[in-house]
Amino acid sequence: LSQFLKQLGIHPDWQFVDVYGMEPELLSMVPRPVCALLLLFPVTEKYESFKTEEEERIKAMGQDVKPSVYFMKQTINNACGTIGLIHAIANNREKINFETNSSMKKFLEDSLSMTPEERAKYLETYEAIRVTHESSAHEGQTEAPSIDEKVDLHFIALVNVGGHLYELDGRKPFPVNHGETTDDSFLEDAIGVCKKFMERDPEELRFNAIALSAA
């Protein structure tokens, strides 16, 4: 992933680091500050039914989503990693140093005024990011799972925008506000959200968290 950032023209002030566990002593090993967390998790029936309930609940009760949250829909199959990455970077663009000719910087500048659907369509035409994603996805496929094993894993991004912790998932109709957070407590708060995912699927082991940390 850090190689991917470099190809997108992002200075190495921020790096992706693996979160090896959710206990305080393992979290203390993650370099701070952390500005985003990516969660990779299995899409199971339990998750899908929760997702439907959550959507209905939010539509009924409403939620506070700041207009400054950058959110995009996912229309490209298997691009959830790329979309998670864009969500992580787009919502921290003030903190991140881009190279002058950065393809990510240009993508964000062009798409800031777009709707979540228009951003998805724009990504479909935006070779520089898609090609980079596809080549890095293939590199990571040395141990391809066997064909019988239907692996349906999905990436989401957790970010702090204006003191609120948002879950950004291009398969959902809108961001999900998980309550207040601060720069200092963000990693612990985001891990709290990850734990809820894990508690809903206690038999599942395929959960991975990756932090975007200061290098």
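Quick caveat: nothing in here was measured; it's all calculated off a predicted structure.
Clustering ILVMFWY residues whenever any of their side-chain heavy atoms sit less than 4.5 angstrom apart, transitively, puts Tyr20 in a cluster other than the one holding Leu187. Residues Leu165 and Met22 are members of one and the same hydrophobic cluster, defined by side-chain heavy-atom contacts under 4.5 angstrom among Ile, Leu, Val, Met, Phe, Trp and Tyr. Hydrophobic clustering of Ile, Leu, Val, Met, Phe, Trp and Tyr side chains at less than 4.5 Å, counting indirect connections, keeps Phe50 apart from Phe207.
Thr44 and Asp201 share a side-chain donor-acceptor pair at under 3.5 Å. Between Asp169 and His154, the side chains place a donor N or O and an acceptor N or O closer than 3.5 Å (distance only, hydrogens not considered). There is no side-chain donor-acceptor pair under 3.5 Å between Thr52 and Ser49. Tyr70 and Ser111 form a side-chain donor-acceptor contact under 3.5 Å, judged by distance and modelled atom types alone.
Residues Phe155 and Thr82 are not in side-chain contact: their nearest non-hydrogen atoms beyond the backbone lie 4.5 Å or more apart. The side-chain heavy atoms of Leu212 and Leu5, taken from C-beta on, include a pair separated by under 4.5 Å. Between Met104 and Phe98, some side-chain heavy-atom pair lies under the 4.5 Å cut-off. The closest side-chain heavy-atom distance from Ile210 to Val19 is not below 4.5 Å. Taking 4.5 Å as the limit, some side-chain heavy atom of Leu8 sits within range of a side-chain heavy atom of Leu85.
No salt bridge links Glu118 with Lys121; every basic N to acidic carboxylate O contact stays at or beyond 4.0 Å. The pair Lys51-Glu55 fails the salt-bridge criterion, with no side-chain N (NZ, NE, NH1 or NH2) lying under 4.0 Å from an Asp/Glu carboxylate O. A salt bridge links Glu167 to Lys172: at least one charged side-chain nitrogen sits closer than 4.0 Å to a carboxylate oxygen. Ion pairing of Arg32 with Glu188 is present here, as a side-chain N (NZ or NE/NH1/NH2) and a carboxylate O approach within less than 4.0 Å. Look at Glu48 and Arg171 and you find a salt bridge, because one of the NZ, NE, NH1 or NH2 atoms lies within 4.0 Å of a carboxylate O, short of that distance.
Ring-centre distance between His87 and Phe71: below the 6.0 Å cut-off. Checked against the 6.0 Å centroid threshold, Phe41 and Tyr47 count as a close aromatic pair.
For Gln63, the CD atom counts as densely surrounded, since its 6.0 Å shell holds more than 12 non-hydrogen atoms of other residues, nucleotides or ligands. The number of heavy-atom neighbours closer than 6.0 Å to NZ of Lys6, taken from other residues, nucleotides and ligands shown, is 12 or below. Around the CD atom of Glu45, the shell of radius 6.0 Å holds no more than 12 heavy atoms that belong to other residues, nucleotides or ligands.
Judged by distance alone, the side chain of Arg93 and the main-chain N or O of Ala90 form a donor-acceptor pair under 3.5 Å. A donor-acceptor pair under 3.5 Å links the side-chain atoms of Ser213 to the main chain of Pro31, judged by distance alone. Distance alone, capped at 3.5 Å, places no donor-acceptor pair between the Trp14 side chain and the Ile89 backbone. When atom types are taken as modelled, the side chain of Asn92 and the backbone of Cys35 share a donor-acceptor pair closer than 3.5 angstrom. Not one N or O on the side chain of Gln15 forms a donor-acceptor pair closer than 3.5 Å with the backbone of Ala211.
Considering CG of Leu158 and CZ of Phe186, their distance stands at 6.0 Å, rounded to 0.5 Å. For the atom pair Leu205 CG and Met198 CE, the distance stands at 8.0 Å (nearest 0.5 Å). The distance from the CG atom of Asp110 to the NZ atom of Lys105 is 11.0 Å, given to the nearest 0.5 Å. Taken to the nearest 0.5 Å, the CG atom of Leu123 stands 4.0 Å off from the CD1 atom of Ile76. Taken to the nearest 0.5 Å, the CE atom of Met72 stands 10.5 Å off from the CD atom of Glu117.
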In sequence, state the C-alpha distance, the side-chain angles, and the governing distance for Tyr122 and Phe107, and then conclude on ring-ring contact (aromatic ring centres under 6.0 Å, His included).
CA-CA 9 Å; Tyr122 187 45; Phe107 179 83; 5.2 Å; yes
